[in-house]
Amino acid sequence: MNRISKDYFIENDTLSIAKGLIGKTLVRDFGKGEILKSKIIETEAYIGEQDLACHASKGKTERNKIMFEDGGLVYVYLIYGMYWMLNFVTEKADHPAAALIRGIEECSGPGRVGRLLKLDKSFYGENLETSNRIWIEDSIIQSKIIATPRIGIDYSGEIWKNKPWRFVVEK
DNA sequence: CAGAAGATCGGG
DNA sequence: CCGATCTTCTGC
């Protein structure tokens with residue numbers, strides 16, 4: 001299997017990446033020979049400082065600063081005091097954007113994904129091209145991909161909450 | 001420095 | 001529908 005390069009995340013636009021990640025394989029090496037491989041089945045795109053659903057809309061902060069770097073890095077953050085959200089930084093430096101992994105074949109729901117992968121603060125900024133703990137491998141999935149509005153961002157207003165920037169395989 | 005809210009989930 | 005649970009951001 002081919003590991004997805006950092007360039008893939010830097011050179012493509014976030015919507016293409018979010019959609020393109022569907023069907024690719026998320027690999028998590030827990031060490032001691034324990035490896036989890038599962039295909040990505042649901043993602044969302046968060047794009048730029050104008051996107052009011054994107055954390056970068058508040059400018060660069062201690063939490064979101066990784067999104068302002070070149071793509072190909074992991075952006076994790078704790079939500080509701082208990083769930084680690086797994087995101088991949090996309091696009092070039094100073095173009096803050098990311099793709100959220102909302103579901104893999106193993107389990108559905110971003111909070112569950114973070115729990116299954118045993119994510120924590122130490123994954124912040126992890127390099128997907130060189131990490132020995134988490135990376136993406138090329139693969140495809142034989143299913144139709146559909147786009148819908150993103151979940152849980154009603155606060156972002158009519159324009160942004162209705163963008164069809166969530167990608168999921170048709171069941 | 002206090003208070004509110006959050007890219008969620010599971011139980012009732 | 002609501003509580004869990006705690007970091008981050010905002011406003012005073």
Side-chain angles (χ1 to χ4, degrees), chain A residues 4 8-10 12-24 26 28 36 38-126 128 134-136 145-171:
Chain A
I4 301 300
Y8 172 76
F9 293 94
I10 297 175
N12 292 284
D13 66 89
T14 305
L15 286 176
S16 301
I17 294 170
K19 187 173 180 181
L21 283 174
I22 301 289
K24 287 189 169 51
L26 176 60
R28 171 76 169 98
L36 170 71
S38 187
K39 286 183 178 177
I40 297 168
I41 60 169
E42 182 180 352
T43 63
E44 278 178 3
Y46 289 87
I47 312 173
E49 299 182 83
Q50 336 76 257
D51 177 4
L52 295 181
C54 180
H55 289 163
S57 65
K58 298 183 174 184
K60 190 189 286 190
T61 68
E62 195 57 31
R63 176 174 68 163
N64 69 24
K65 62 184 181 187
I66 202 73
M67 275 200 287
F68 289 75
E69 295 190 26
D70 275 340
L73 306 176
V74 171
Y75 170 37
V76 289
Y77 64 90
L78 187 66
I79 191 67
Y80 301 118
M82 55 184 110
Y83 300 109
W84 288 98
M85 301 286 101
L86 174 61
N87 299 256
F88 301 139
V89 177
T90 58
E91 306 196 26
K92 299 177 176 64
D94 294 320
H95 290 258
L100 167 69
I101 304 304
R102 288 193 58 90
I104 55 180
E105 283 183 319
E106 203 81 11
C107 67
S108 190
R112 289 160 144 186
V113 169
R115 193 171 54 192
L116 181 72
L117 300 185
K118 295 188 172 70
L119 300 181
D120 59 45
K121 196 172 186 171
S122 74
F123 282 83
Y124 190 87
E126 192 88 351
L128 290 169
I134 187 169
W135 64 90
I136 308 294
I145 299 172
I146 54 180
T148 80
R150 295 170 291 180
I151 308 294
I153 52 146
D154 285 352
Y155 62 83
S156 65
E158 290 303 316
I159 299 193
W160 302 101
K161 81 178 189 187
N162 292 320
K163 295 280 188 190
W165 289 356
R166 168 174 174 258
F167 301 97
V168 56
V169 301
E170 197 171 48
K171 56 178 186 312

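A, B, ... follow the sequence lines: proteins, then strands. Residue 1 opens every chain.
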* Knowing that exactly one of Arg102(A), Lys161(A), Arg150(A) qualifies, which makes a salt bridge (Lys or Arg N to Asp or Glu O under 4.0 Å) with Glu44(A)? -> Arg102(A)

* Structure fact -> Parsed dot-bracket for DNA chain B after applying the Watson-Crick and G-U rules with both distances under 3.5 Å and | for other-strand partners is ||||||.||||.

* Asked: Using atom P of each nucleotide, how far apart are dT5(C) and dA2(B) to the nearest Å?
  ->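 So the two P atoms sit 22 Å from each other.
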
* **Whole-Å P distance, dA5(B) and dC2(C)** =>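 Nearest-Å result for dA5(B) against dC2(C) at atom P: 15 Å.
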
Any chance you could measure [X], atom [atom1], to [Y], atom [atom2], to the nearest 0.5 Å?
{"X": "Ile41(A)", "Y": "Lys24(A)", "atom1": "CD1", "atom2": "NZ", "result": "15.5 Å"}
{"X": "Ile146(A)", "Y": "Phe167(A)", "atom1": "CD1", "atom2": "CZ", "result": "11.0 Å"}
{"X": "Lys65(A)", "Y": "Lys60(A)", "atom1": "NZ", "atom2": "NZ", "result": "9.0 Å"}
{"X": "Ser16(A)", "Y": "Tyr8(A)", "atom1": "OG", "atom2": "OH", "result": "7.5 Å"}
{"X": "Glu49(A)", "Y": "His95(A)", "atom1": "CD", "atom2": "NE2", "result": "10.0 Å"}

Whole-Å distance separating the [atom1] atom of [X] from the [atom2] atom of [N]:
{"X": "Trp84(A)", "N": "dC9(B)", "atom1": "CH2", "atom2": "P", "value": "16 Å"}
{"X": "Leu86(A)", "N": "dT8(B)", "atom1": "CG", "atom2": "P", "value": "14 Å"}
{"X": "Glu42(A)", "N": "dA7(B)", "atom1": "CD", "atom2": "P", "value": "16 Å"}
{"X": "Met85(A)", "N": "dT8(C)", "atom1": "CE", "atom2": "P", "value": "14 Å"}
{"X": "Leu116(A)", "N": "dG10(B)", "atom1": "CG", "atom2": "P", "value": "12 Å"}
{"X": "Ile79(A)", "N": "dA4(B)", "atom1": "CD1", "atom2": "P", "value": "17 Å"}
{"X": "Ile151(A)", "N": "dT8(B)", "atom1": "CD1", "atom2": "P", "value": "8 Å"}
{"X": "Met67(A)", "N": "dT8(C)", "atom1": "CE", "atom2": "P", "value": "13 Å"}

Which part of the nucleic acid, if any, lies within reach of [X] when heavy atoms closer than 4.0 Å are counted: base, sugar-phosphate only, or nothing?
{"X": "Gly81(A)", "value": "base"}
{"X": "Thr61(A)", "value": "sugar-phosphate"}
{"X": "Leu100(A)", "value": "base"}
{"X": "Arg150(A)", "value": "nothing"}

* Structure fact -> Result for side-chain contact (heavy atoms from CB on, under 4.5 Å) between Val113(A) and one of Ser38(A), Ser108(A), Cys107(A) points to Cys107(A)

* Let me know, please, whether Arg115(A) or Tyr75(A) comes out on the 5' side of the other along DNA chain B by nearest nucleotide. => Tyr75(A)

Taking the side chain of [X] as heavy atoms from C-beta outward, which of [options] is closest to it?
{"X": "Tyr83(A)", "options": "dT10(C), dC9(B), dA7(B)", "answer": "dC9(B)"}
{"X": "Arg102(A)", "options": "dT5(C), dG6(B), dT8(B)", "answer": "dT8(B)"}
{"X": "Lys58(A)", "options": "dG10(B), dT7(C), dC9(C)", "answer": "dC9(C)"}
{"X": "Tyr155(A)", "options": "dA7(B), dT10(C), dT8(B)", "answer": "dA7(B)"}
{"X": "Tyr80(A)", "options": "dG10(B), dT8(C), dT8(B)", "answer": "dT8(B)"}

* Asked: Are any of Arg112(A)'s side-chain N or O atoms less than 4.0 Å away from OP1 or OP2 of dG10(B)?
  ->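 Answer is yes, contact under 4.0 Å.
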
* Asked: Does a side-chain heavy-atom distance below 4.5 Å link Met85(A) with Leu100(A)?
  ->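 Side-chain contact under 4.5 Å: yes.
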
* To do: Would you mind telling me which residue lines up with the more 5' stretch of DNA chain C, Met82(A) or Lys121(A), judged by nearest nucleotide?
  =>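 The 5'-side residue here is Met82(A).
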
